[in-house]
Amino acid sequence: MVRVLLFGKLRDVAGWREKTCTPDPATLSALKALICADDPALSRALAAPGVQAAVDRVLARDDSPLNEGSEVAFMPAMSGG
Amino acid sequence: MVRVLLFGKLRDVAGWREKTCTPDPATLSALKALICADDPALSRALAAPGVQAAVDRVLARDDSPLNEGSEVAFMPAMSGG
Amino acid sequence: MIRLTDQSFDPGGELNDFCRGRSQAGAVASFLGIARRDGGEGLELEAYPGFTESEIARIAESASERFSLQDVSIIHRVGRITPGEPIVLVLTASAHRREAFEACDYLMDYLKSRAPFWKKEHGPDGEHWIEPTARDLGDVARWD
Amino acid sequence: MIRLTDQSFDPGGELNDFCRGRSQAGAVASFLGIARRDGGEGLELEAYPGFTESEIARIAESASERFSLQDVSIIHRVGRITPGEPIVLVLTASAHRREAFEACDYLMDYLKSRAPFWKKEHGPDGEHWIEPTARDLGDVARWD
């Protein structure tokens, strides 16, 4: 089981904020394929410039491995201040 | 009559803070000669880099004319903040 | 000190707290961002609790080293913010004013486009998400 | 607002007063200079009453134009200052953070070496007058 979090406009695009995926996908890109399977809008949004992912609160790349219980966050372009 | 003010270390060098000079010197350089006549240390201090003069609260040069009642200030290198 | 808060805060009180007893550092620079009225009815700022604080702490540490800071403090609002309210306050203390200024500038550039916050504007024509401007991206690239 | 004062002042209160109702400017930068303890028993700052204020007002106006400021405030101590007390507070408000920072930086560079103040340090080895350092002179020359 991995826990998936969406932030900012990704949440508006997908219509959900948090989801658990099971069985575990092996990598970040496998997880992306899973959550985008029936959501082409989310697929496009995740491919937009500036989108980053964190696995267990560390910035990650598509080939980053996932573990049982991992928390994966997809984050669009950041803007604070 | 012109009123002469010294600031910062010029005052310590000369040993006075304010003085009136009469009869009126015609220019700033004439006034300098007058107040330095018997004070070579002040003469040297006025020639130091960064020293500026103001006549009636406007920055002035050696050939700036003085008027009856003018207020002349001699100011060493400035440093606030 | 890094603090996220969903409550309004008192910039002057924070500045005074930051300066109390600080007679070694001669220089304290600050930046305060205020929610503008042209943003319509206000802003909504989302963070990633835990991750946002640790990412800001990481950059604050890099600023401390890079600019020889004696101290740094960052307070950032999350949640709904009404126009006129403070959004962010960055405070830096250093022995020299140039370092204090540059560190504050650096931290703000980072917060604007690389810290995990997402900002939604509630404008007259509805809501929209705000992304860093070209100027924001250029500003932060100065430090790379 | 330009103010010289021979009394200690409250930086946080000044920051809050400056920000009150300021929902058009998004950006407020500040710089606070504090008397350091390594200066010994403190400082003495002399001004030229009337001339000092008008010279600062002149440079504040030039900053307002150059950096599109919405507002600027400068509070500067004169007289005897004990270690830990604030010496100078510069506040700038602008629509954009870069302009607010740069204006604050510019004003401090000017105050350090071109504003009519004379500063005497009461150190452990007696009194001496402080003149701008090479770094101060280099800093202010950036803007010429």
Side-chain angles (χ1 to χ4, degrees), chain C residues 9-39 42-43 70 81-98 100-109 111-112 133 135-136 138-139 142, chain D residues 9-39 42-43 70 81-98 100-109 111-112 133 135-136 138-139 142:
Chain C
F9 62 88
D10 169 24
E14 299 292 343
L15 173 62
N16 283 350
D17 287 350
F18 186 75
C19 294
R20 217 176 300 289
R22 192 173 297 290
S23 59
Q24 292 314 314
V28 173
S30 84
F31 180 85
L32 177 67
I34 300 171
R36 272 187 254 179
R37 207 165 291 283
D38 59 17
L43 293 170
Q70 301 193 352
I81 300 162
T82 57
E85 282 188 329
I87 302 174
V88 60
L89 177 67
V90 174
L91 296 159
T92 55
S94 172
H96 299 288
R97 71 185 183 289
R98 170 93 333 101
F101 273 130
E102 288 189 349
C104 206
D105 194 12
Y106 170 88
L107 288 165
M108 277 308 306
D109 282 349
L111 289 168
K112 273 281 170 185
T133 62
R135 189 175 178 186
D136 289 330
D139 283 342
R142 292 182 303 153
Chain D
F9 63 87
D10 169 24
E14 299 291 344
L15 173 61
N16 283 349
D17 287 349
F18 186 74
C19 294
R20 216 175 299 290
R22 192 172 297 288
S23 59
Q24 293 313 313
V28 172
S30 83
F31 180 86
L32 178 67
I34 299 172
R36 272 186 256 180
R37 206 164 293 282
D38 58 18
L43 293 171
Q70 301 191 352
I81 300 164
T82 57
E85 283 189 328
I87 302 174
V88 59
L89 177 66
V90 173
L91 297 158
T92 55
S94 171
H96 299 287
R97 72 185 180 289
R98 171 94 328 107
F101 274 128
E102 289 190 348
C104 206
D105 194 10
Y106 169 89
L107 288 166
M108 277 308 305
D109 283 348
L111 289 168
K112 273 281 170 185
T133 62
R135 189 174 178 187
D136 288 330
D139 282 343
R142 295 181 301 153

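Predicted model, so just to flag it, every value in this text is computed and none were measured. Sequence lines set the chain letters: A, B, ... in the order given, protein chains first and strands last, and positions in each chain run from 1.
- With a 4.5 angstrom heavy-atom cutoff, C:Ile34 touches chain D via backbone and side-chain atoms both.
- Looking at C:Asp17, there are no atoms closer than 4.5 Å to chain D (heavy atoms on both sides), in backbone or side chain.
- For the set C:Ala29, C:Gly33, C:Gly12, the count of heavy-atom pairs under 4.5 angstrom toward chain D peaks at C:Gly12.
- Remark: D:Ser30 engages C:Ser30 in a side chain to side chain donor-acceptor pair (under 3.5 Å) (not counting sequence neighbours).
- Residues meeting the salt bridge (Lys or Arg N to Asp or Glu O under 4.0 Å) test with C:Asp139, sequence neighbours left out: D:Arg97, D:Arg98.
- Per-residue counts of heavy-atom pairs under 4.5 Å with chain C were compared for D:Asp10, D:Leu15, D:Leu32; the largest is that of D:Leu32.
- Annotation: residues 101-108 of chain D contacts chain C through D:Phe101, D:Cys104, D:Asp105, D:Met108 [non-hydrogen atoms, separation under 4.5 Å].
- Proximity to chain C (any heavy atom under 4.5 Å) is restricted, for D:Arg135, to the side chain, taken from C-beta onward.
- Counting heavy-atom pairs under 4.5 Å between each of D:Arg20, D:Glu14, D:His96 and chain C puts D:His96 at the top.
- Of the listed residues (C:Ala35, C:Ala95, C:Gly84, C:Cys19), the greatest number of heavy-atom pairs within a distance under 4.5 Å of chain D belongs to C:Ala95.
- Residue-level contacts of residues 85-92 of chain D with chain C do not occur; threshold 4.5 Å between heavy atoms.
- Minimum interatomic distance between C:Gly13 and D:Asn16 (heavy atoms only, all atoms of both residues): N-ND2, 4.3 Å.
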